[in-house]
Each structure stands twice: as C-alpha cells, then as structure tokens.
Amino acid sequence: MGSCCSHSENREGNHHGGHEQQRMPRAIGRQQQNGNAIQDVNEQYKIYFDILEQQVSGKGLKRTQAYKSHIDIGQIEKLRTVFWETRVEGKQEIWQILRSIIHEDEETARLLVQEAELKPIKDSLQHVYDKLGQKYDVPIFCINDPIEYSNEKFEDRGLIQNYGNDSVKLTIRSVNLNGKDIVVECKQNQSVVDLKEIISVELQKGHQIQLESMKLFYRGKEMQENYQVGRYNLNKEAIVIAYLKVLQKT
C-alpha cells in the first residue's frame, strides 16, 4: 500500500519545488511488469528453512513471507553474518545501509531508503535497486526471525553426515593468485568452515594475503559452511574455486 501513494506524493513534491524525481531504471520496470522475473533469493537457503506460503512476517518494508527454521537462532545469526560479510556484487555501502535499515523502525527505514536513493520492488527490502540499476537481493531470514522452529533437527534431515577421517588434497584456484594454484590438505569430516581456515592460513603464510571474506565453489555450486567436506565427494583431482575478498592494507 505504501508504494501506491509514494508515486503521487513524489510528483506532488516535484510540483512544489522538491528534487526532480529520478527516472526508474529500465531493469526495475521490467521486473515490476513481470513478477516471475524476480529471483527467489531464498532458494539457496531452503535446506535451512521452510517457507510458509500463506503467512507473513513483519510490516512495511520488512514484510516478508513467514518461515519455519530447522536451525536455532544462534545458527541463524551466524548465517546472517556470513551473508552480509560475503557480498561481492554491487556496492558495499549499499549492503551496509540495507543491513542497518533492517534494525530500524519503519519511519526511519523509509527515510534511509529515500536518502540512499534506493528503489524497493513491491515495497519490500527483499529486492532493491540502487540509482544505477544494480539489484540487491536480501533473503527473508536476514529481515525477520522465524515464526516457528521445527522439531526435526537439521542433522536428522540427512543434510549433515559424519564422514570419515581420511585426508584429501585439494587444488584451490582464484583470480587473486595470478594463475598460481595452491594445494591444501584437509579431512573428509572437517567442515567447510575448517577448510576455509586452512586456506586462509596458507594464503597468509605463502602469499601474504589476508582475507576479509571467502566463498568456495565446487562444480559451480557454493560450498555451504555447515557441511562436512566429504559431502562434496572431492577427490585428489578436485579443483575448488575461491572467491576472495582481500583485506586492504592500510
């Protein structure tokens, strides 16, 4: 409802000497005309959460579909931190603004959106464009808490298994390494978080690279931190692609 009146209010403000209303980027117009074109940013997190189609959470800009969680609030907070701190698309200052908006009341949130010249799609923080037409997708678990926790444990869903103690050597490839791969060794029952730590230590020791964040991909899919390495059936010839956000030297 908020978006229905905002256009007329902006036009009225322009007639009274307000700032000239910016033209909506074409990409936004296309997305609004075809709701199906909006990417479901929640899809990659469906192992953790069940979307409750007929229920909603939050109000105003923070209104989203409700969801049931298979992980506890501590794990959700960790997942949120990983999401916010590993964004590589768009501008970091916009991601920081979106992160802060979520913790504000509705009036302040709308003021910050306006000041940052952001365009929420369908009046929601889930899908936002900046003034240059760059799209920012925020999953619902970063906006609202679950309304229900599942009695079925995350581990019981077959998503986490206890793999063996065997070691595997992995080739790590990244554009930050200027064509020079590194080889690391880890155990099948170590988590992806452990693997990231092993890589970080090797990069710092062998290449003097300190990281702000890291995302790992195998066969085109991101490796989830909650999983053990063995889940990905990595062999000695496996090549893991690392997207690194290097900590800038001061």
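Note that these values count all heavy atoms, side chains included, but never hydrogens, waters or copies made by symmetry. Treat the numbers as computed from the prediction; the structure is a model and nothing was measured. Counting from 1, the numbers follow the sequence of the chain as shown.
Ring centroids of Phe49 and Tyr67 are separated by less than 6.0 Å, placing the two rings close together. Taking the centre of each ring, Tyr243 and Phe217 come in below the 6.0 Å mark.
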Stepwise, does the side-chain hydrogen bond (donor to acceptor under 3.5 Å, both in side chains) test hold for Lys245 with Gln92? CA-CA 12 Å; Lys245 184 176 181 182; Gln92 287 303 307; 3.2 Å; yes
After noting the C-alpha distance and the side-chain angles of Arg87 and Lys215, does the key distance pass the side chain to side chain contact (heavy atoms under 4.5 Å, CB included) rule? CA-CA 10 Å; Arg87 298 304 90 205; Lys215 298 174 80 171; 3.7 Å; yes
Audit row: Tyr136, Asp130, side-chain hydrogen bond (donor to acceptor under 3.5 Å, both in side chains) steps and yes/no: CA-CA 8 Å; Tyr136 301 80; Asp130 64 19; 2.9 Å; yes
Apply side chain to side chain contact (heavy atoms under 4.5 Å, CB included) to the pair Leu216 and Lys221, showing each step before the final yes or no. CA-CA 8 Å; Leu216 300 178; Lys221 294 186 178 181; over 6 Å; no
Step by step, work out the side-chain hydrogen bond (donor to acceptor under 3.5 Å, both in side chains) result for Gln65 and Glu53. CA-CA 7 Å; Gln65 287 181 301; Glu53 299 288 348; 2.8 Å; yes
Go through the steps for Glu104 and Leu112 under the test side chain to side chain contact (heavy atoms under 4.5 Å, CB included), then give the verdict. CA-CA 9 Å; Glu104 301 291 350; Leu112 292 173; 3.9 Å; yes
Is there a side chain to side chain contact (heavy atoms under 4.5 Å, CB included) between Lys119 and Val128 once you walk through the steps? CA-CA 5 Å; Lys119 300 286 185 181; Val128 177; 5.8 Å; no
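With values rounded to the nearest 0.5 angstrom, Asp137 atom CG is found 10.0 Å from Ile121 atom CD1. The distance from the CD atom of Gln204 to the CD atom of Gln210 is 4.5 Å, given to the nearest 0.5 Å. With rounding to the nearest 0.5 angstrom, the OG atom of Ser191 is 10.0 Å from the CE atom of Met223. Here CD1 of Ile73 is found 14.5 Å from NZ of Lys78. Values are rounded to the nearest 0.5 Å. Rounded to the nearest 0.5 angstrom, His103 NE2 and Ile143 CD1 are separated by 11.0 Å. A distance of 5.0 Å separates CD1 of Ile140 from OG1 of Thr64, quoted to the nearest 0.5 Å.
Under the 4.5 Å side-chain criterion, counting only non-hydrogen atoms from C-beta, Val113 is in contact with Pro120. With contacts defined as side-chain heavy-atom distances shorter than 4.5 Å, the pair Asn165/Gln188 does not qualify. Looking at Leu98 and Trp84, their side chains come closer than 4.5 Å, going by heavy atoms from C-beta outward. Put simply, the side chain of Lys68 does not reach to within 4.5 Å of the side chain of Pro146, judged on heavy atoms. Side-chain contact between Leu61 and Ser124: absent, with no pair of heavy atoms (C-beta onward) separated by less than 4.5 Å. Side-chain atoms of Tyr129 and Glu117, non-hydrogen and from C-beta on, never get closer than 4.5 Å to each other.
Transitive grouping of hydrophobic side chains (ILVMFWY, heavy atoms separated by less than 4.5 Å) keeps Tyr218 and Ile241 in distinct clusters. Under a hydrophobic clustering in which Ile, Leu, Val, Met, Phe, Trp and Tyr are joined whenever their side-chain heavy atoms come within less than 4.5 Å, directly or via other members, Leu244 and Val193 fall into different clusters. Val82 and Met214 end up in different hydrophobic clusters when Ile, Leu, Val, Met, Phe, Trp and Tyr side chains are linked at under 4.5 Å. Tracing side-chain contacts under 4.5 Å through hydrophobic residues (I, L, V, M, F, W, Y), one never reaches Leu125 starting from Val56; they form parts of separate clusters.
Under a 4.5 Å side-chain heavy-atom criterion applied to ILVMFWY residues, the cluster that includes Ile147 comprises Leu52 as well.
Using a cutoff of 4.0 Å between basic side-chain nitrogens and carboxylate oxygens, Asp145 and Arg80 are scored as salt-bridged. Between Lys196 and Glu225 there is a salt bridge, with a side-chain nitrogen of the basic residue lying less than 4.0 Å from a carboxylate oxygen of the acidic one. Between Arg110 and Asp123, at least one side-chain N (NZ, or NE/NH1/NH2) sits under 4.0 Å from a carboxylate O, which counts as a salt bridge.
Heavy atoms only, all atoms of each residue included: Glu106 and Lys59 are closest at OE1-O, 3.6 Å. A pairwise comparison of heavy atoms in Ser69 and Ile76 identifies OG-CD1, 3.6 Å as the closest pair. Nearest heavy-atom pair across Val138 and Ile102 is CG1-CD1, 4.3 Å. Of all non-hydrogen atoms in Tyr48 and Leu79, the two that sit nearest each other are CD1-CD2, 3.8 Å.
Without hydrogens or angle criteria, Ser100 side chain to Ile97 main chain gives a donor-acceptor distance under 3.5 Å. Checked by atom type and distance alone, the side chain of Thr81 pairs as donor or acceptor with a backbone atom of Glu77 at under 3.5 Å. A donor-acceptor pair under 3.5 Å is absent between the side-chain atoms of Thr86 and the main chain of Ser213, judged by distance alone. Proximity of a side-chain donor or acceptor of Asn176 to a complementary backbone N or O of Val246 within less than 3.5 Å is not detected. Counting only distance, with no hydrogens or angles, the side chain of Trp95 and the backbone of Glu85 share no donor-acceptor pair below 3.5 Å. Here the side chain of Asp166 pairs no donor or acceptor atom with the backbone of Lys187 at under 3.5 angstrom.
Legend: residues meeting side chain to side chain contact (heavy atoms under 4.5 Å, CB included) with Val184, ordered by chain and number and at least two apart, are Leu170, Ile172, Ile182, Leu195, Ile198, Ile199, Glu202. Under the side chain to side chain contact (heavy atoms under 4.5 Å, CB included) criterion, Thr171 pairs with Asp181, Val183, Ile239, not counting sequence neighbours.
Around CD of Glu107, the count of heavy atoms belonging to other residues, nucleotides or ligands within 6.0 Å does not exceed 12.
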